[in-house]
There are 2 protein chains.
Amino acid sequence: MYTPTLTRPLFLVFCQVLHEEWARYSAFYKYQPIDLVRKYFGEKIGLYFAWLGVYTQLLIPASIVGIIVFGYGVATMNTDIPSQEMCDDGRNFTMCPLCDGACDFWRLSTACGTARASHLFDNPATVFFAIFMSLWAVLFLEHWKRRQISLSFSWDLTGIEEDEVSNHSQLFLCFLPLPTCCSSIQAAIEKLTWKDRLPGYCINISSILFMFGLTFSAVFGVIIYRITVSALMAMSPDPETKSNVRVTVTATAVIINLVVILILDEIYGAVALWLTELEIPKTETNFEERLILKAFLLKFMNAYAPIFYVAFFKGRRASVLHYCAPGGCLIELCIQLSIIMLGKQLIQNNIFEIAIPKLKKLVRELKDKGVAEMEREEERPPQQWNLDYALAPFEGLTPEYMEMIIQFGFVSLFVASFPLAPVFALLNNVIEIRLDAKKFVTELRRPVAIRAKDIGIWYNILSGMGKFSVIINAFVISFTSDFIPRLVYQYMFSHTGTMHGFIDHTLSYFNVSNFKPGTAPQNSEHGDIAICRYKDYREPPWSLDAYTFSKQYWCVLAARLAFVILFQNLVMFLSLVVAWVIPDVPKTIVEQLKREKKLLVDVFLQEEKEKFQLIQSLFSKDTTLHSSGNVLNPDML
Amino acid sequence: MYTPTLTRPLFLVFCQVLHEEWARYSAFYKYQPIDLVRKYFGEKIGLYFAWLGVYTQLLIPASIVGIIVFGYGVATMNTDIPSQEMCDDGRNFTMCPLCDGACDFWRLSTACGTARASHLFDNPATVFFAIFMSLWAVLFLEHWKRRQISLSFSWDLTGIEEDEVSNHSQLFLCFLPLPTCCSSIQAAIEKLTWKDRLPGYCINISSILFMFGLTFSAVFGVIIYRITVSALMAMSPDPETKSNVRVTVTATAVIINLVVILILDEIYGAVALWLTELEIPKTETNFEERLILKAFLLKFMNAYAPIFYVAFFKGRRASVLHYCAPGGCLIELCIQLSIIMLGKQLIQNNIFEIAIPKLKKLVRELKDKGVAEMEREEERPPQQWNLDYALAPFEGLTPEYMEMIIQFGFVSLFVASFPLAPVFALLNNVIEIRLDAKKFVTELRRPVAIRAKDIGIWYNILSGMGKFSVIINAFVISFTSDFIPRLVYQYMFSHTGTMHGFIDHTLSYFNVSNFKPGTAPQNSEHGDIAICRYKDYREPPWSLDAYTFSKQYWCVLAARLAFVILFQNLVMFLSLVVAWVIPDVPKTIVEQLKREKKLLVDVFLQEEKEKFQLIQSLFSKDTTLHSSGNVLNPDML
C-alpha cells in the first residue's frame with residue numbers, strides 16, 4: 001500500500017523513530033529501518049539507503065580478504081629474495097644518475113626501504129585478490145538486483161512507468177505565468193528539431209573535451225612541478241634536503257593533485273549542470289540521466305587521471321620525468337591511491353558535508369536574526385514550518401551517489417595495487433550512512449517524496465565500471481607490478497629455479513663513456529666508475545645492437561600480454577558463471593508473484609460472478625414484478 | 001486472438017495456401033507467411049521459421065561483404081610481395097626436409113601455388129571482415145530480440161508462463177494405467193533428493209568426458225593416418241605419387257574427418273537423449289533444455305575439434321606431424337572449414353533430410369501394402385487420417401535448430417579464415433527454409449501445436465557463441481594468419497619500410513652438420529648442401545644460443561598477443577555500443593503497449609461504473625417498490 005501523504009502525528013512519530021534508531025553514529029552496527037525511511041522520505045531516497053546498505057554490507061567480506069592479503073605481504077616481507085638482494089650492501093650495484101648533470105651515481109641498497117614496502121602490495125596474493133574483487137563486483141551487482149526486486153515488490157513499485165512528462169527545463173526558461181508557460185514551453189520543446197539542438201550538442205562536446213584537456217593539463221602541471229622541484233632540491237648544497245628529495249616531492253605533488261581534484265570537482269559539477277540545461281531534454285528523468293552521465297564522466301576523469309598516469313605511463317621510459325622508485329611503480333601507485341582516496345573521503349565528508357552546511361546554517365540564522373528582531377514585537381512562538389524553512393533545501397541524491405560511485409572505482413579499479421581500499425571504504429561508509437541519515441533527518445528540509453522503481457542510470461554506471469575494472473586490474477598486475485617479470489625470471493632465466501639473481505637480471509648496463517656531453521654527473525662522490533646500471537631490459541654496451549631492447553624485454557612483454565588475455569577471459573568467464581548461478585528474482589518473490597496472479601484472476605472471476613448475480617437478481621425481480629405486479633404502473637420499469 | 005483449434009475446412013485452406021505459397025523452392029525470394037505458419041503449426045514452429053527467416057535475411061549483407069573481401073584478395077593477389085618472392089625462382093631458398101631420412105631438401109618456389117592461394121584469405125581485409133562479422137552477430141541477436149518481441153506481441157504471447165508441470169520422464173517410466181501412473185510418478189520425482197540424483201549426474205559427467213575423449217581420439221587418429229600415409233607415399237619409388245603427397249593426404253584426411261563427424265553426430269544425439277533421461281528432470285521444458293545443452297556441447301566439440309586443431313595446434317612446432325603448408329596454416333584451415341561445412345550441409349540436407357525420409361516412407365508403404373492387400377476385401381476408400389498416419393511422425397525442432405546453430409558457428413567462429421562462409425550459409429538456408437517447409441507440410445504428420453514465447457535456450461547458445469567468436473577470431477587473425485608477422489616486419493625490421501625481404505626474414509638457418517645421425521636425407525637430389533632453411537624465428541647456427549628462439553620470435557609473439565587484447569576489447573566495446581543503440585523493444589510496440597494499458601484501465605473503470613449503475617438501478621427500483629408497493633408482499637424482496 002502506498003502512502004503518499006502522512007497525517008501529521010504519524011509523520012512526527014516516524015521522524016522521531018528515525019532520529020533515534022537510524023540517524024545516530026551509535027547505531028552503526030544496526031540494520032537500517034529501510035521501510036520507515038521509504039515511508040518518511042519516499043522510494044527514491046529509500047532505494048539510495050538500501051543500496052548504500054547492501055554495498056557497505058558486501059564491503060565486509062572484501063575488507064576481510066583484503067586484510068588477509070595485506071597480512072600475507074607483511075608475513076612474507078622478510079623472506080622475499082628480491083628485496084633481500086636489494087638491501088644487501090655486499091652486492092655492489094652502482095646505479096646511473098637519475099637526472100642530467102646535477103644528479104650523482106647512487107647505490108641500489110639505498111632504495112632498500114621502498115623495495116621492502118612495495119612487497120607489501122606486490123606479491124602473488126595480490127593477483128588472487130584482483131580476481132576475487134572482480135568477482136566481488138559482479139556478486140555485488142547481482143545481489144543488489146535481487147534486493148531491488150524484493151524491495152520493488154514489497155513497496156509495490158512493479159507497475160511504475162517512467163513517463164512523467166514533467167519538464168525540467170521549464171524551471172530555467174519560464175517567465176510567463178506558470179500554466180501558460182508550461183504548455184507553451186512543452187509544445188516548443190516538442191517542436192525542437194535536430195537542427196535546433198545541434199549547437200547545444202556542439203557546445204557540449206567541445207566543453208567536455210575542453211574539461212578533459214583541463215584535467216590532463218593539471219596532471220601535466222604536477223609532473224612539471226615534480227621535475228622542477230626535484231632538480232632544484234638536487235642542486236641544493238644542503239645534504240639533508242638532498243636526501244629527502246623523493247619523499248618531499250612525491251608527498252607535495254600528491255597533495256597538490258588532491259587539492260586540484262577537489263576544486264575541479266566542484267567546478268565540473270556546475271559545468272555538467274549548465275551543459276545539460278543547454279541540451280533542453282524532454283523529461284525530468286531524461287534531464288537527470290544526462291546530467292549524471294556528464295558529471296560522472298568529468299569527475300571520473302578528474303579523480304582518476306593522475307592515478308592512470310602513475311599506473312600506466314610513469315616508469316615506462318627511463319628518464320627522471322617518469323622514473324619510478326626502484327621498488328617498482330606499484331608503491332607509488334599505492335601512495336597516490338591511498339592519499340587521494342583517504343583525502344577525498346575525509347575532506348569531502350568533514351568539510352563539504354559537515355562543516356559547510358553548519359556554516360551555511362549559521363549564516364542563515366544570523367540573517368534571520370535581523371529579520372526576527374524586527375518582527376519580535378509580534379511575540380508569536382516560532383511555528384514548526386518556520387523552523388523547517390530555516391533548514392537547508394534538499395538538492396537531490398546525485399552528489400551522494402556520485403561520491404559512492406567514485407569510491408567504488410577506488411575499490412574495484414585499482415584494487416590490485418591497494419588491497420586495503422575496501423577496508424577504508426568500509427570504515428568511511430559505516431560513518432557515511434549515519435552522516436547522510438543525520439543530514440536528511442535533521443539538517444535538510446524534508447524532500448518531496450519521489451517514486452522510483454530502481455536506482456536508474458547508476459546501475460549501468462556501476463556495471464560499466466565493473467567491466468572496466470577487469471581490464472584495468474589485468475594491466476595493473478601485468479604492467480605495473482613486478483609479478484610477471486619475476487615469474488618469467490624464475491621459470492625461464494634463473495639457473496637455479498629460484499629468485500636469486502633477479503635484481504641483477506632486471507638491471508641493464510650503461511657505459512659511462514656513452515654519456516652525452518654535459519649529461520655526466522659533474523662531481524661524483526663515487527670515484528671513478530666505468531659501468532653503471534639502470535632498470536630496463538636492454539642490450540649491454542658490448543653487444544652489437546647496444547642499448548636496443550633485449551630478448552628478455554620482448555619475452556617479458558609477451559608474458560605480460562599473455563597474462564592480460566588469460567586474466568581478462570578467466571574473470572569474464574567466472575563473472576558469467578556467477579551471474580548465471582544467481583537468479584535475478586529471488587525464489588520467494590517468484591512464488592508470491594504467481595500467487596498474486598492467481599488471486600487477481602480469482603478476483604476477476606468473483607467480480608464477474610457478482611455482476612452476473614446482480615443481473616440475475618434484477619431479472620428475477622423483474623419477472624416477479626411482472627408476474628405479480630399487474631397492480632403496478634408499467635412506467636415504473 | 002489465439003485459435004488453438006481450427007475448424008476442418010479452414011485448416012485445409014491453410015494447408016493449401018502454405019503448400020502453394022511457402023513450401024516450394026520457387027518461392028525462395030518471397031517473405032514467409034509466418035502468421036499462417038503459426039496458425040497452422042503453433043507458436044513454437046512459427047518462431048523457428050521466423051528465426052530462420054531473420055537469420056537468412058541478415059546473411060545477405062554478410063555475404064555481400066564477404067564476397068567483396070574475397071574479391072579484394074583476388075584483386076591484390078598479383079601485387080602481393082611475399083607471394084611474389086616465394087614464387088621467384090631466382091631467390092634460392094633451399095628448405096630443410098620435412099621428415100627424417102626419407103624426405104629430401106626442397107625448393108621454396110615449389111610451394112608457390114599454396115602461397116598465392118593463401119593470400120586470397122590472408123590479407124588485411126580479413127581483419128576488417130572479422131570485426132564486421134563479430135558486430136554482425138551482435139546485430140543479428142538484437143534484431144531477433146526485437147522481432148521476437150513484435151511477434152510475441154502480435155501473437156499475444158506476453159502473458160505465457162512456463163510452468164507446465166507435464167512430466168517428460170513419465171513417457172519412459174510408466175507401466176501403470178496412465179492417470180494413476182502420472183500422479184504417482186510425479187510424486188516420486190518430486191521426492192527425489194540430491195542423493196538419488198547423484199549417480200545420474202556422475203554417469204552424465206563421465207559419459208560426456210568419455211565422448212570428448214572419443215572426439216579427440218578421432219582427431220588424433222586422423223593425424224596418425226596423415227603421418228603414416230605421407231611417410232609411405234614419400235618412400236614410394238613412383239615420382240608421381242611423391243609429388244602429390246600433400247594434396248592426397250590432406251584431401252583424404254579431411255574426408256575421413258567429415259565421415260567421422262557425421263557418424264559421431266548421430267551417435268551423440270542418441271547419447272544426449274539417454275543421458276538426459278537418466279537425470280529425470282522435473283518438467284518438459286527442463287528436459288528439453290538439458291537435452292539441448294548436452295547435444296549442443298557434444299556436437300559442437302565434434303564438428304569443431306579438427307578445425308580447432310588445424311587453427312591453433314598445427315604449425316606450432318616444426319615437425320612433419322604438425323607442419324603446415326608453406327603459405328601458412330590459414331589455407332589448410334580454409335580447406336578444412338570449407339570441406340566440413342559444405343560436406344556437412346550437403347550430406348545432411350540431401351541424405352539425412354531428403355533421401356532417408358523418402359526411404360523410410362517407401363519401407364512403410366511396402367509394409368502397409370501387405371496389410372492393405374489383406375484388407376482389400378472391405379474396399380473402402382482410404383480416409384484422410386489413414387493417409388496422414390502413413391506420414392512420418394514429428395520429432396521436435398531440436399535437429400533443425402542444431403543444424404543451424406552449428407552453421408552459425410562456421411559463419412561466426414572462424415570467419416576470419418574463410419570469408420565465403422556467409423555466402424555458402426546463405427545459399428544453404430534459402431534451400432533449407434523451403435526444404436523444412438516442404439517436410440513439415442507434406443512429409444510429417446501435423447505436429448501438436450505448442451505455445452512458446454521465445455526460442456528458449458537457443459538464444460543463450462547463440463549469444464554465447466557470439467561472445468566466444470570474438471576471442472576465437474582474435475586468435476585466428478593473430479596466430480594462424482600471417483597478418484601480424486607482416487606488420488611487425490614492415491614497421492620494425494624492414495630496412496626499406498616495404499614487404500621486400502619478408503620471406504627471408506621468416507626463415508631460420510639450419511646447419512646440415514647438426515642433423516642427428518640417421519635423420520639426414522639419405523639420397524639428396526640437391527647435391528652438396530651446407531645450410532638449409534626452415535620456417536621459424538630461431539637463432540642461426542653461428543649464434544651463441546644456436547636454435548633457441550630469437551628476439552624476433554618474442555617480438556612477434558608480443559605483437560600477436562597485443563593484437564588479441566586490442567581486437568577483443570575493441571569488438572566488445574563496439575558490441576556494447578551496438579546493443580545499447582538498438583532498443584530491445586521497437587518503438588511502435590512500446591506505444592501500443594501503453595495504449596493497451598490505458599484501454600485496460602478504461603475497461604476496468606467502465607466495468608465498475610456499470611456495476612455501480614446496476615446496483616443503483618436496483619436500489620432505485622427497490623425504493624420505488626418500497627414507496628409505491630405497499631400492496632406487494634414484503635417477502636418478495
Side-chain angles (χ1 to χ4, degrees), chain A residues 159 161 163 460 463-464 467-468 470-471 474-475 478 492 539 545 548-566 568-569 572-573 576 580 590 593-594 597 604 607-608 610-611 613-615 617-618 620-622 624-625 627-633 635-637, chain B residues 159 161 163 460 463-464 467-468 470-471 474-475 478 492 539 545 548-566 568-569 572-573 576 580 590 593-594 597 604 607-608 610-611 613-615 617-618 620-622 624-625 627-633 635-637:
Chain A
E161 300 280 326
D163 42 18
N460 303 21
S463 135
K467 289 203 177 96
F468 192 49
V470 177
I471 185 87
F475 272 99
S478 66
M492 283 191 64
E539 297 284 349
D545 326 291
T548 60
F549 286 122
S550 66
K551 197 193 276 190
Q552 282 90 311
Y553 173 83
W554 294 108
C555 184
V556 168
L557 183 63
R560 287 179 199 263
L561 291 166
F563 178 82
V564 170
I565 296 174
L566 188 77
Q568 193 187 2
N569 286 291
M572 284 198 315
F573 175 74
L576 273 184
W580 178 70
V590 172
L593 279 177
K594 263 189 202 163
K597 210 174 171 183
F604 247 117
E607 290 263 307
E608 286 293 309
E610 270 173 27
K611 217 172 97 186
Q613 278 174 345
L614 260 173
I615 293 172
S617 68
L618 196 67
S620 65
K621 244 179 235 170
D622 248 35
T624 20
L625 286 178
S627 58
S628 68
N630 294 333
V631 281
L632 285 173
N633 187 357
D635 288 354
M636 197 191 86
L637 300 173
Chain B
E161 299 280 327
D163 42 17
N460 303 23
S463 133
K467 289 205 178 96
F468 192 48
V470 178
I471 184 89
F475 272 100
S478 65
M492 283 192 63
E539 297 284 348
D545 326 291
T548 58
F549 286 120
S550 65
K551 197 194 274 187
Q552 282 88 314
Y553 173 84
W554 294 110
C555 182
V556 169
L557 182 63
R560 287 181 198 264
L561 291 166
F563 178 82
V564 170
I565 297 173
L566 189 75
Q568 194 187 1
N569 287 291
M572 284 197 316
F573 175 73
L576 273 184
W580 178 70
V590 172
L593 279 176
K594 262 188 202 164
K597 208 172 173 186
F604 246 119
E607 290 262 307
E608 286 294 310
E610 272 174 27
K611 217 173 98 184
Q613 277 174 345
L614 262 173
I615 293 172
S617 69
L618 195 68
S620 66
K621 245 179 233 167
D622 249 34
T624 22
L625 285 177
S627 59
S628 68
N630 294 335
V631 283
L632 285 172
N633 186 356
D635 286 355
M636 196 189 86
L637 298 174

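FYI, side chains are in, hydrogens and waters are out, and symmetry mates aren't considered; it's all heavy atoms of this structure. Lettering follows sequence order; numbering is per chain, from 1.
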Peer 1: Below 4.0 angstrom, N of the basic side chain to O of the carboxylate: do Glu539(A) and Lys551(B) qualify?
Peer 2: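 Lys551(B) and Glu539(A): salt-bridged.
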
Peer 1: With only heavy atoms counted, which part of Asn569(A) is less than 4.5 Å from chain B, the side chain, the backbone, both or neither?
Peer 2: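 Just the side chain, heavy atoms under 4.5 Å.
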
Peer 1: Please classify the contact between Phe475(A) and chain B as side chain, backbone, both or neither, with a heavy-atom cut-off of under 4.5 Å.
Peer 2: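 For Phe475(A), side-chain heavy atoms alone lie under 4.5 Å from chain B.
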
Peer 1: Measuring heavy-atom distances to chain B, does Phe468(A) have an atom under 4.5 Å in its side chain, in its backbone, in both, or in neither?
Peer 2: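 No part of it gets close to chain B.
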
Peer 1: On a heavy-atom basis, which atom in Ala558(B) and which in Leu561(A) lie closest, and how many Å separate them?
Peer 2: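 Reported closest heavy-atom pair: O-CD1, 3.1 Å.
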
Peer 1: So, for Asp545(B) and Thr548(B), which heavy atoms are closest and what is the spacing to 0.1 Å?
Peer 2: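 Nearest pair, atom of Asp545(B) first, then Thr548(B): O-OG1, 2.8 Å.
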
Peer 1: What heavy-atom pair brings Ser478(B) and Val564(B) nearest, and what distance separates the two atoms?
Peer 2: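 That closest heavy-atom pairing would be OG-CG2, 3.1 Å.
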
Peer 1: Please classify the contact of Gln568(A) with chain B as side chain, backbone, both or neither, using a heavy-atom distance under 4.5 Å.
Peer 2: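 Only the side chain of Gln568(A) comes within 4.5 Å of chain B.
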
Peer 1: Sort Glu610(B) into side chain, backbone, both or neither according to what part of it lies under 4.5 angstrom from a heavy atom of chain A.
Peer 2: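 Just its side chain gets close to chain A.
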
Peer 1: Taking every heavy-atom pair that is under 4.5 Å apart, which of Tyr553(B), Phe573(B), Trp554(B) has the most such pairs with chain A?
Peer 2: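 Among the listed options, the one with the most contacts to chain A is Trp554(B).
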
Peer 1: Does any part of the side chain of Val556(A), heavy atoms only, come nearer than 4.5 Å to the side chain of Arg560(A), both counted from C-beta?
Peer 2: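 Heavy-atom side-chain distance check passes, below 4.5 Å.
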
